[in-house]
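See below for the structure under consideration.
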Amino acid sequence: MLKLFSLRRVWWPWCMLLLLGGCIDPYLPEGVGAAPNYLVVDGYLNSRGRSLIQLSRTYRLDQNTAPPRETGATLFIEQQDGPRFPLSETAPGTYTSQALTLSPSQNYRLFISTQKGQQYASEFVPAKVTPPIDSVAWRKTTTGLTIGVNTHDDTGRSQYYRWECEETWEITPLLFPQLEYFNSGLRPNTVVYPRICWGNELVADIKLSKTTNLTQDRISNYVLRSYATTNERFYNRYSILVKQYALSQEEYQYWELLQKNTENIGTLFDPLPSQLTGNVRSLTDEAEPVIGYVGCHSLQQQRIFITRNQLPYTWRVSSGYDQCIPDTIESRYIRTVFSYPENIPLYYVPGGVLGTSKECIDCRRKGSAVKPDFWP
């Protein structure tokens, strides 16, 4: 659908909304206009590899920018009654250690000294070893498909689990222009549009499970994602990377509380938001709050792919471009329509040309044209 025509249809409703907006006085709660400058610690100590810690500061709710990074700090991984291992700043506010192997029989913490001389430290915690992922598998349901994870620990020491997911999928436009608008007329297209792009999303949902009430330390088909049969992620090829962490009971409780505060709110029956406290403390000012929990555990991960030909042929999977139906533009309106850069001519038809919007042909509007390193 061409942008020009869409704008005509919504012009008057938007005018009314603008007029109504003139009668509304903005309301800014007290906490929005000013915010404390608390340190935020994001990351964990990797007991079998490189640790990555991100430091930032809290900021105003109405501030439409990225969180301010805490740069120039000095960080160490400290073993209780033992050595310390430095982290270096590899990007603004991001600190990375060398690959380490931390002993499961020892306790470790993160020490932070900011550029202004403020000092912080997490509590000493034992180094846990995350068991391998047995499998990441998908299965058909009555409404689509689900993706689940399976794992177990024969030693029974894990019990508390968390997962992170990163999804990637192919995007392929169905329309490709043979013409382009140039100098008030049409000519053969010289603009190269990618034929394929890749969408990418880090799943924001907090995924947790525990086995403390089970006879075995085993997770079976814990559902990570659920999709309808029409979801456009599966039009060509889809991939999901699953990262698994074995947590301590205290770290699990932290993530559980964070989950309740961010996801299970909005109805009368949901729990009320609770004060979120981590295990990082200020050594300079005991009264200063710090946000974040620094655990110590290793990472296990597994990636799977799902292709369209693996799914039932009866599924009407969306291409993501189902609304991209070209319009016929009469010859006398070519200059009027295609002088707007978001409208793109496709090819000639009797009496004029077919046209569409740029969103329907340029897949970079939905993803990246750079092929991921892991993609087949």
Side-chain angles (χ1 to χ4, degrees), residues 1-21 64-66 144 166-204 227-239 306-308 311 315-372 375:
M1 189 68 67
L2 293 177
K3 290 284 188 179
L4 187 61
F5 298 157
S6 299
L7 287 172
R8 290 175 179 172
R9 282 196 291 268
V10 300
W11 173 254
W12 285 108
W14 276 109
C15 285
M16 294 301 295
L17 287 174
L18 289 173
L19 290 174
L20 290 173
N64 296 322
T65 59
E166 182 177 359
E167 299 175 291
T168 309
W169 62 95
E170 291 179 350
I171 304 169
T172 52
L174 305 181
L175 301 173
F176 298 96
Q178 299 177 5
L179 304 171
E180 70 172 307
Y181 183 74
F182 183 77
N183 283 346
S184 302
L186 299 178
R187 70 177 185 183
N189 181 47
T190 63
V191 181
V192 178
Y193 294 100
R195 294 298 182 100
I196 184 172
C197 293
W198 287 267
N200 183 267
E201 182 178 349
L202 293 172
V203 177
Y227 288 108
T229 59
T230 56
N231 195 282
E232 64 188 69
R233 282 170 164 80
F234 305 101
Y235 188 73
N236 288 309
R237 187 188 298 268
Y238 164 92
S239 178
I306 304 174
T307 58
R308 178 64 183 90
L311 305 178
W315 286 11
R316 300 179 63 86
V317 182
S318 170
S319 66
Y321 293 96
D322 299 340
Q323 303 302 318
C324 292
I325 302 174
D327 293 308
T328 300
I329 310 302
E330 297 180 21
S331 299
R332 55 179 173 166
Y333 295 125
I334 286 176
R335 180 179 298 182
T336 301
V337 172
F338 295 116
S339 60
Y340 181 57
E342 288 296 306
N343 293 334
I344 304 296
L346 294 172
Y347 48 85
Y348 289 107
V349 294
V353 297
L354 282 182
T356 188
S357 69
K358 199 168 186 179
E359 290 180 355
C360 291
I361 63 170
D362 192 347
C363 61
R364 290 170 295 188
R365 298 290 180 91
K366 291 175 171 283
S368 170
V370 180
K371 183 179 180 179
W375 209 255

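The residues of the chain are indexed from 1 along the displayed sequence.
Rounded to the nearest 0.5 Å, atoms SG (C360) and CG (D322) are 10.5 Å apart. Taken from OG in S239 to CZ in R233, the straight-line distance is 12.0 Å, to the nearest 0.5 Å. Interatomic distance, L354 CG to I325 CD1, rounded to the nearest 0.5 Å: 12.0 Å. Rounding to the nearest 0.5 Å places CG of L174 at 4.0 Å from OG of S319. A distance of 10.5 Å separates CG of D362 from CZ of F176, quoted to the nearest 0.5 Å. Note that the CG atom of N200 and the CD atom of E167 stand 9.0 Å from one another [nearest 0.5 Å].
Minimum interatomic distance between I171 and G199 (heavy atoms only, all atoms of both residues): CD1-N, 3.6 Å. Residue R308 comes nearest to V317 through the heavy atom pair NE-CG2, 3.5 Å, listed as atom of the first residue, atom of the second, then distance. For G367 against C197, the heavy-atom pair with the smallest separation is C-CB, 4.4 Å. In terms of heavy-atom proximity, N189 sits nearest to P177 at ND2-O, 3.5 Å. Scanning both residues, V192 and R364, for their nearest heavy atoms gives O-NH2, 4.2 Å. C363 and I196 get closest at one heavy-atom pair: SG-C, 3.7 Å.
Looking only at side-chain heavy atoms (C-beta outward), L202 and E166 come within less than 4.5 Å of each other. By the 4.5 Å heavy-atom criterion applied to side chains, V353 and S331 are not counted as neighbours. Residues L186 and Y348 meet the side-chain proximity criterion, which asks for heavy atoms closer than 4.5 Å. Contact check for F182 versus T190: no side-chain heavy atoms found under the 4.5 Å cut-off.
Side chains of E170 and Y235: no donor on one and acceptor on the other come within 3.5 Å. Side-chain contact annotation: W169 with E232, donor-acceptor N/O pair under 3.5 Å absent.
Within a 6.0 Å radius of CZ in R335, no more than 12 heavy atoms belonging to other residues, nucleotides or ligands are found.
The aromatic rings of W198 and W375 stand perpendicular to each other, their planes meeting at an angle above 60°, with 30° marking the opposite boundary.
If you run side-chain contact (heavy atoms from CB on, under 4.5 Å) between L346 and each of L179, I329, I361, D327, only I361 comes through. With Y340 as reference, N343 is the one residue of V337, N343, I344 to meet the side-chain contact (heavy atoms from CB on, under 4.5 Å) rule.
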Please walk me through it: do T307 and R237 pass side-chain contact (heavy atoms from CB on, under 4.5 Å)?
CA-CA 4 Å; T307 58; R237 187 188 298 268; 3.5 Å; yes
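Looking at Q178, its side chain never comes within 3.5 Å of a backbone N or O of Y347 through a donor-acceptor pair.
Within the cation-pi definition used here (under 6.0 Å to the ring centroid, within 45° of the axis), K358 does not qualify as a partner of Y193.
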